[in-house]
S.K.: 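Below is one structure. I have some questions about it.
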Number of protein chains: 2
Amino acid sequence: MPSHKGRSAGRQRLPVLLERDELELRTWLQLVRTYLRMERRLERLLEERGLSLPQFDILATLAMGEGITQQELAQRMLVTKGNICGMIDRMETNGWVERRPDKQDRRANRLFLMPAGRKQLARSFPDQHAAVQEMMSALRPEELQTLYEFLDRLEEDIEN
Amino acid sequence: MPSHKGRSAGRQRLPVLLERDELELRTWLQLVRTYLRMERRLERLLEERGLSLPQFDILATLAMGEGITQQELAQRMLVTKGNICGMIDRMETNGWVERRPDKQDRRANRLFLMPAGRKQLARSFPDQHAAVQEMMSALRPEELQTLYEFLDRLEEDIEN
DNA sequence: TATTGTTATACTCTATAACTATA
DNA sequence: TATAGTTATAGAGTATAACAATA
């Protein structure tokens, strides 16, 4: 069982600009490091399936609720509509998703998963899931629950 | 004081692939959302100063310890050496950093901050710091400490 | 007028692979 | 042989801004 006091070679230390022990900043820097480590590993896994992380996110988002518009997708993913347009272009070319014009509002497209997209998600999801389970195993369930609540509260504070 | 139970419009929900309450995955998804929100906000701030987040990271890393090699920088930032080479090119063009050949090992470059780089860091750091402080204010000090420890343990588990 | 989506443009970050110089 | 750095190439993701169609 690893101690959390250990330091390995590549670890960053606090900037010289910080004289005092700045808990907020230290926590943010640790959040970045931890996130990046996990992200890189998950990206590697997805890459084997020919998926980028944003593409996986789009597939997963559509699996949660098909029929959203590109604008809605852009807002959920915190990117611009022009960005989403290009990403959907690529994913539609691959046959993973489909644009269907909205009958009521003819400006809008509704987005749907195609069989190939479902298949991609179904194939890559178990890997992602297993990797996440493994990476999270350093924390006990009650600790995970606490971590989740802390992160949730942080996010709420930001979006307001 | 915001409750952590609230749900706003753009929040994602769990994929349909998940029947049970998967704490690990739910926590990871929340980590992603929280990280992205904070990252976007900090990127906006840096953008006003003409800095990208990776560039800021490099400046901050060098401020922590000048004279590291490109290879060492690549390892700390979890990217390839070719990547670092291009980034240092851009930053050297801007006069922010400098390559100095290592006398002992003539294959290697040692990286140093230039006055303009120090100035960039000194100008952007207070903004970043204040934003981090504000975003982290949803948690009390003892909660921040706990969050830090959890993240640290997670990272250790991954890098081993 | 406002909104949805598209297009054009540009830039950063990222990776891989082949290459040079040095160890 | 192995390592540090460079270069060339490629691609994704991101943004902005101007545009068309529709509301």
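The basis for the numbers below is simple: all heavy atoms, side chains too, and nothing from hydrogens, waters or symmetry mates. Every chain is numbered from 1 and lettered A, B, ... according to where its sequence line falls, protein lines coming before strand lines.
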S.K.: Does A/Gln104 reach a base, just sugar-phosphate, or nothing at all? Heavy atoms under 4.0 Å.
M.R.: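 Sugar-phosphate only.
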S.K.: Is there side-chain contact between B/Glu156 and B/Arg153, with heavy atoms separated by less than 4.5 Å?
M.R.: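 The answer is no, as the side chains (C-beta and beyond) never meet within the 4.5 Å cut-off.
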S.K.: Roughly, in whole Å, what's the span from CZ in B/Arg41 to P in D/dA15?
M.R.: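 Roughly 17 Å, once rounded to whole Å.
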S.K.: Please report, rounded to the nearest Å, how far the P atom of C/dT14 is from the CG atom of A/Leu46.
M.R.: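 From A/Leu46 CG to C/dT14 P: 17 Å.
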S.K.: Starting from C1' on C/dT7, measure out to CE on A/Met87 and report it in whole angstrom.
M.R.: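 Roughly 17 Å, once rounded to whole Å.
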S.K.: What is the distance from CD of A/Glu47 to P of C/dT14, rounded to the nearest Å?
M.R.: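 Checked: the CD to P distance equals 14 Å.
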S.K.: Would you mind classifying the nucleic acid contact of A/Glu72 as base, sugar-phosphate or nothing, using non-hydrogen atoms under 4.0 angstrom?
M.R.: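 A/Glu72: no heavy atom of the nucleic acid under 4.0 Å.
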S.K.: Verify the contact: side-chain N or O of B/Arg107 to OP1 or OP2 of D/dA2, cut-off strictly under 4.0 Å; return yes or no.
M.R.: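 False: B/Arg107 side-chain N/O out of range (4.0 Å or more) of D/dA2 OP1/OP2.
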S.K.: If you round to the nearest 0.5 Å, how far is CE of B/Met136 from CD1 of A/Ile158?
M.R.: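 That separation rounds to 8.0 Å.
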S.K.: Under a 3.5 Å cutoff, is there a donor and acceptor pairing between the side chains of B/Gln30 and B/Thr34?
M.R.: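 There is such a pair between these side chains.
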S.K.: Under 4.0 Å between a side-chain N or O of B/Thr80 and OP1 or OP2 of C/dT14?
M.R.: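 Answer no for this pair, as no side-chain N or O of B/Thr80 is under 4.0 Å from OP1 or OP2.
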S.K.: With a cut-off of less than 4.0 Å, is there a side-chain N or O of A/Gln70 near OP1 or OP2 of C/dT4?
M.R.: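 Answer is no, no contact under 4.0 Å.
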S.K.: For B/Arg99 and for A/Lys81, find the nucleotide of DNA chain D with the closest heavy atom, then tell me which residue's nucleotide is more 5'.
M.R.: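 Per heavy-atom nearest nucleotide, the more 5' residue is B/Arg99.
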S.K.: From CG of A/Asn94 over to P of D/dG11, roughly how many Å is that when rounded to an integer?
M.R.: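 To the nearest whole Å, that distance equals 13 Å.
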S.K.: With a 3.5 Å cut-off and just heavy-atom distances, do the side chain of A/Arg106 and the base of D/dT22 make a donor-acceptor pair?
M.R.: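 Not at all, since no donor on one side and acceptor on the other fall under 3.5 Å apart.
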S.K.: Compare side-chain N and O positions of B/Asn83 against OP1 and OP2 of C/dC13 and report whether any pair is under 4.0 Å apart.
M.R.: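 Looking at the OP1 and OP2 atoms of C/dC13, neither is under 4.0 Å from any side-chain N or O of B/Asn83.
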S.K.: Separation of B/Met91 atom CE from C/dC13 atom P, in whole Å?
M.R.: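 The distance from CE of B/Met91 to P of C/dC13 comes to 9 Å, rounded to the nearest Å.
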S.K.: For B/Asn109 and D/dG5, what is the distance between atoms CG and P respectively, to the nearest whole Å?
M.R.: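 So the CG-P distance, B/Asn109 to D/dG5, works out to 6 Å.
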S.K.: For a quick check of understanding: with a heavy-atom distance under 4.0 Å over all strands, which category does A/Arg40 fall into, base, sugar-phosphate or nothing?
M.R.: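 Touches sugar-phosphate only.
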S.K.: If you pin A/Gly86 and A/Arg44 to their nearest nucleotides in DNA chain C, which one's is more 5'?
M.R.: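 Closest to the 5' end, via its nearest nucleotide, is A/Gly86.
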S.K.: Separation of B/Ile68 atom CD1 from D/dG5 atom C1', in whole Å?
M.R.: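 Answer to the nearest Å: 15 Å.
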S.K.: Can you find a side-chain donor-acceptor pair between B/Gln145 and A/Arg26 that sits under 3.5 Å?
M.R.: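 Note: B/Gln145 and A/Arg26 side chains meet the donor-acceptor criterion.
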S.K.: Is there a side-chain contact between A/Arg90 and the phosphate of D/dG13, meaning an N or O under 4.0 Å from OP1 or OP2?
M.R.: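 A/Arg90 to D/dG13 OP1/OP2: side-chain N or O found under 4.0 Å.
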S.K.: Do B/Gln70 and B/Arg99 meet the criterion of a side-chain donor-acceptor pair at a distance under 3.5 Å?
M.R.: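 Looking only at side-chain atoms, B/Arg99 and B/Gln70 do form a donor-acceptor pair, the distance falling under 3.5 Å.
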